[in-house]
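By convention in this document, chain letters (A, B, ...) are assigned in the order of the sequence lines, proteins followed by strands, and residues within each chain are numbered from 1. The model shown is predicted, which means the values in this text are computed figures rather than measured ones.
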There are 2 protein chains.
Amino acid sequence: MAQTNGCPDCQRINEVLSRVGDRWSVLIVISLAQYGVLRFNELKRHLGISQRMLSLTLREMERDGLVSRTYYPTIPPKVEYALTPLGDSFREPVTAIGLWALENLPNIDSARARYDEDAEKEPKSA
Amino acid sequence: MAQTNGCPDCQRINEVLSRVGDRWSVLIVISLAQYGVLRFNELKRHLGISQRMLSLTLREMERDGLVSRTYYPTIPPKVEYALTPLGDSFREPVTAIGLWALENLPNIDSARARYDEDAEKEPKSA
DNA sequence: CTGCATCCGCCACGATACTG
DNA sequence: CAGTATCGTGGCGGATGCAG
């Protein structure tokens, strides 16, 4: 285990991140923010996520009060998911991350290419 | 793999998140943002992370151009890590998430408690 | 002190099949 | 369509040992 943790903030941030910081939660928030309301399979297709993870993630998010679940007991069942106010407030920082990600992917890629090239050229010598 | 992913944005965001979205990267960014420059063991102690993960994460982050590594070939070796401009730009959205997290942890907790209580009361009946 | 390599447990996640 | 249950695997992440 890891201890000697001298940074309580890190612990708490870590805690929250392990709750809502996973990639699927983030993508679900983004999707719902874009479309407002989505059905189970719409989300599934949109995100390219397995049913299992989608189901689990949605339940956790519902539990955490980030999304609302509306079940229509029709013959072909229909369930709609949407952001709650809390989820909507989460949308803002998440969007910031998303935008940063989209903007800086090229930077990361080029930094990587550079790093790899250098590493290849200088495996030893000066 | 599984997809039929109809959302290219999700793919790209996903991609970036799998690069810099892990918990250790985030915490390292936060730490470096706070202290400016930190040595290997300082980070290790501060975060409560194993050497292995710290080493791996730092190398990845250096590769991705998020942190800079300065090696002093003194007799007791000394290595300093700091944020690059790219890493620093990442700090902003990360901080936004961090703040939101700290503010809304109580909300999530209470939402959870409510959810769990309801689920306990209605495991079956109407 | 800084770091890499190895071994290994653990669980997160995906694939599949089944129910309502 | 929406979801659960089961199983198998990859890899995350910790512990240890070694090297410069």
From [options], nucleotide with atom closest to [X] side chain:
X	options	result
R39(A)	dC1(D), dC4(C), dG20(D)	dC1(D)
N41(B)	dT4(D), dC4(C), dT2(C)	dT2(C)
F40(B)	dT4(D), dT2(C), dC4(C)	dT2(C)

d([atom1], [X]; [atom2], [N]) in whole Å:
X	N	atom1	atom2	answer
L43(B)	dC1(C)	CG	P	14 Å
E60(A)	dC13(C)	CD	P	11 Å
I75(B)	dT2(C)	CD1	P	14 Å
R45(B)	dC1(C)	CZ	C1'	10 Å
L54(A)	dG14(C)	CG	P	11 Å
L47(B)	dG14(D)	CG	P	11 Å
Q51(A)	dT4(D)	CD	C1'	11 Å
Y71(B)	dT2(C)	OH	P	10 Å

Please enumerate all protein N or O atoms sitting under 3.5 Å from an N or O of nucleotides 7-13 of chain D, with distances to 0.1 Å.
| residue | atom | partner | partner atom | Å |
| --- | --- | --- | --- | --- |
| dG13(D) | N7 | R52(B) | NE | 3.1 |
| dG13(D) | N7 | R52(B) | NH2 | 2.6 |
| dG13(D) | O6 | R52(B) | NH2 | 3.4 |

The single option from D118(A), D116(A), D109(A) passing salt bridge (Lys or Arg N to Asp or Glu O under 4.0 Å) against R63(B) = D116(A)

May I ask you to evaluate whether Y81(B) reaches the phosphate of dG3(C), defined as a side-chain N or O under 4.0 Å from OP1 or OP2?
-> yes

Could you tell me whether the side chain of [X] and the main chain of [Y] form a donor-acceptor pair under 3.5 Å?
X	Y	answer
S89(B)	L86(B)	yes
S55(A)	Q51(A)	no
T84(B)	G65(B)	yes

Between E62(B) and Y81(B): side-chain donor-acceptor atoms closer than 3.5 Å | no

Degree of bending, the helix from dC1(C)-dG20(D) to dG20(C)-dC1(D) (end axes from five pairs; round to 10°) | 40°

Partner set under side chain to side chain contact (heavy atoms under 4.5 Å, CB included) for E15(B), not counting sequence neighbours = L105(A), R19(B)

Listed partners of L56(A) passing side chain to side chain contact (heavy atoms under 4.5 Å, CB included), at least two apart = R52(A), M53(A), R59(A)

Those residues at least two apart in sequence (or on a different chain) that pass ring pair (Phe, Tyr, Trp, His ring centres under 6.0 Å) with W100(A) are F90(B)

Could you pull out all donor-acceptor pairs under 3.5 Å where a side-chain atom in residues 29-42 of chain B meets a protein atom, sequence neighbours excluded?
| residue | atom | partner | partner atom | Å |
| --- | --- | --- | --- | --- |
| S31(B) | OG | L27(B) | O | 3.0 |
| E42(B) | OE1 | R39(B) | N | 2.7 |

